[in-house]
There are 2 protein chains.
Amino acid sequence: MNEIAPIVPESGDKEAAMRKEPTQRRSKERVERILSCASTLIADNGSDAMRMSDVAEKAGISIGSLYQYFPDKGSIIRTLADRYNALGRECIADTLKNVHDMNGLQASFAELIDIYYALFLAEPVMRDIWSGTQADKALRDIDLLDSRLNGAVLADARARVNPAADRAFLENSSFLIMHLGQATMHLAISVDPTEGAALVDGFKRMVLREMLAA
Amino acid sequence: MNEIAPIVPESGDKEAAMRKEPTQRRSKERVERILSCASTLIADNGSDAMRMSDVAEKAGISIGSLYQYFPDKGSIIRTLADRYNALGRECIADTLKNVHDMNGLQASFAELIDIYYALFLAEPVMRDIWSGTQADKALRDIDLLDSRLNGAVLADARARVNPAADRAFLENSSFLIMHLGQATMHLAISVDPTEGAALVDGFKRMVLREMLAA
DNA sequence: TGCAAATGTGAGGATTCCTCATATTAATTG
DNA sequence: CAATTAATATGAGGAATCCTCACATTTGCA
């Protein structure tokens, strides 16, 4: 919960949308190579401009091999999204794990918002993927699930801080906060940095007030 | 500020991204026909599945004629987005125009949120366009400008209600609110209706509290 | 070693956006 | 109203790109 993620998130758990689970070492390396090359290409010109033929060439493999592991272009992007999300969730869960009072919650969440903003600013791949997030139903679902999971973690922390609060309300509110957090990041990176920072601060204020109120 | 928009918004002012301004009556009719057919196709299967050849066929014209008026597929979608936005802005401006005290502001804005939610639920084309909004840089810019314009109108109303408030703060906060409003709509229509309504309510509470606080 | 399973290859099929050379219709002018 | 210019219409096909598939190569194992 305190470092900027590496350019290519380390291999997560159950990869999404892989055509066939690689078993030999050679093919496992290839999958990582493909993802790494795709990541670079996305960082350079965006996922839209990324051609499957470019990925294959850069990875030093044939188009056919590419499609052996990833059934379509979207699955590469989704796998990257999954990995970034997993990193983010881990960071959020770590940070909120030991929160037990309102002061701690407020401080931790404010810190999280700053970390996420820094991440979005630093990672062109993350920016690109989340910008295109709404275009693809599958990506949208990944996004939604991520907000939900993070929302559940936040709801837990808020319940710990305020045991009297209505649980259903906390879950709803936390889900919303996580989703709006993403939207705020999109907005903040779309405007000039000064305004972006101010908008992130505005969001922070709104959210902290929401947590106090409930 | 009280009706659901028609399926195809009426011809606005300066159409975005038209290849050549239609001058003869025949061609003006064609432009409207194209937009209307595109709208239907989008409502049926989404803008992604909409083929330019389908639009041409449905409109009873040739592909070439289509491209006479719209330089590319995106421009059709952008034109529809512009029209919907213009309708929304008009509705917002009308509603907030006569707000002069905090009670009125709160009531009006709560009403606006409900209207927008109803609009998103009722208009598959609007949903589709806004879902794809992040995919295309040009659409994103249209979206951003719309939030900015609406934010300015909201900031005006808030300044009227609370003349002591810092103007820069109001503008920043209002811009954020408008953007997050869109994000909330996206979220709300992506989940089941009961949860969607609860999320919209959650957003309403957050926003009204924000307006009270400043 | 030899065989089966896993993996690799890239030409080309399929889809779709969009162009352009040409044809038709409308407006204008002498 | 004939002739000329301008506006509009057409659709075959160029270009870009995703992805498949029939066949080749490599690896693991009995």
Side-chain angles (χ1 to χ4, degrees), chain A residues 15-35 37-38 41-42 44-80 128 132 135-139, chain B residues 15-38 41-42 44-80 128-129 132 135-139:
Chain A
E15 299 300 353
M18 297 267 297
R19 169 159 286 183
K20 96 199 300 182
E21 215 56 30
T23 60
Q24 303 183 359
R25 186 175 0 106
R26 174 177 51 157
S27 56
K28 274 186 182 158
E29 284 168 0
R30 286 206 161 188
V31 167
E32 292 312 311
R33 192 173 234 296
I34 289 167
L35 289 172
C37 291
L41 288 169
I42 291 172
D44 287 346
N45 297 306
S47 55
D48 216 58
M50 180 187 87
R51 309 289 161 221
M52 291 301 265
S53 50
D54 295 341
V55 177
E57 190 184 12
K58 194 174 179 74
I61 64 177
S62 70
I63 290 268
S65 286
L66 196 48
Y67 280 92
Q68 189 108 38
Y69 299 109
F70 296 93
D72 52 33
K73 182 177 170 178
S75 66
I76 294 182
I77 293 166
R78 265 175 268 134
T79 301
L80 287 173
D128 178 277
D136 175 7
K137 174 83 166 66
L139 256 186
Chain B
E15 299 300 353
M18 295 268 297
R19 168 159 287 184
K20 97 200 299 181
E21 213 57 31
T23 58
Q24 302 181 356
R25 185 173 3 105
R26 174 178 50 158
S27 56
K28 274 186 184 159
E29 285 168 0
R30 286 207 160 187
V31 168
E32 291 312 310
R33 191 177 237 295
I34 289 166
L35 289 172
S36 161
C37 292
L41 289 169
I42 291 172
D44 287 346
N45 297 306
S47 54
D48 217 56
M50 179 187 87
R51 308 288 162 223
M52 290 301 266
S53 50
D54 295 340
V55 176
E57 190 184 13
K58 195 175 179 72
I61 63 178
S62 69
I63 290 267
S65 286
L66 196 49
Y67 280 92
Q68 188 109 39
Y69 299 109
F70 296 93
D72 52 32
K73 184 177 169 179
S75 66
I76 294 181
I77 294 166
R78 263 175 269 135
T79 301
L80 287 172
D128 179 278
I129 289 176
D136 175 6
K137 173 84 167 65
L139 255 187

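All chains are named by letter (A, B, ...) in the order of the sequence lines, taking the proteins before the strands, and each is independently numbered beginning at 1.
Separating the CZ atom of A/R33 from the C1' atom of C/dT7 is a distance of 16 Å, rounded to the nearest angstrom. B/K73 places its NZ atom 18 Å from the C1' atom of C/dT19, with the value rounded to the nearest Å. Between the CD atom of B/E57 and the C1' atom of D/dA9 there is a distance of 17 Å, given to the nearest Å. Atoms CZ (B/F70) and C1' (C/dT16) sit 19 Å apart, rounded to a whole Å. Rounded to an integer number of Å, the gap from B/I63 CD1 to D/dA12 P is 11 Å. In this structure, B/Y67 atom OH and C/dA21 atom P are separated by 18 Å, rounded to whole Å.
The shortest distance between the side-chain N/O atoms of B/R51 and the OP1/OP2 oxygens of C/dA14 is not below 4.0 Å. Contact annotation: B/Y69 side-chain N/O to D/dA9 OP1/OP2 distance is under 4.0 Å. Proximity of A/R30 to the phosphate of C/dA6: no side-chain N or O atom is located under 4.0 Å from OP1 or OP2. The phosphate of D/dT8 (OP1 or OP2) has no side-chain N or O of B/S65 nearer than 4.0 angstrom.
Note that the OG atom of B/S75 and the CG atom of B/L80 stand 10.0 Å from one another [nearest 0.5 Å]. Between B/Y67 atom OH and B/M52 atom CE the span is 3.5 Å, to the nearest 0.5 Å.
Scanning both residues, A/A59 and A/R33, for their nearest heavy atoms gives O-NH1, 3.2 Å.
Ion pairing between B/K73 and B/D48 fails under the 4.0 Å rule for side-chain N and carboxylate O.
For A/S62, taking side-chain heavy atoms from C-beta onward, the closest of the listed nucleotides D/dC19, C/dC18, C/dT9 is C/dT9. When distances run from any side-chain atom of A/D72 to the nucleotides D/dC19, C/dT19, C/dT7, the shortest one goes to D/dC19.
For A/M52 and A/G64, each mapped to the nucleotide of DNA chain D holding its nearest heavy atom, the one lying further toward the 5' end belongs to A/M52.
As judged by a 4.0 angstrom heavy-atom cut-off over every strand, B/I61 is placed among residues touching the sugar-phosphate backbone only.
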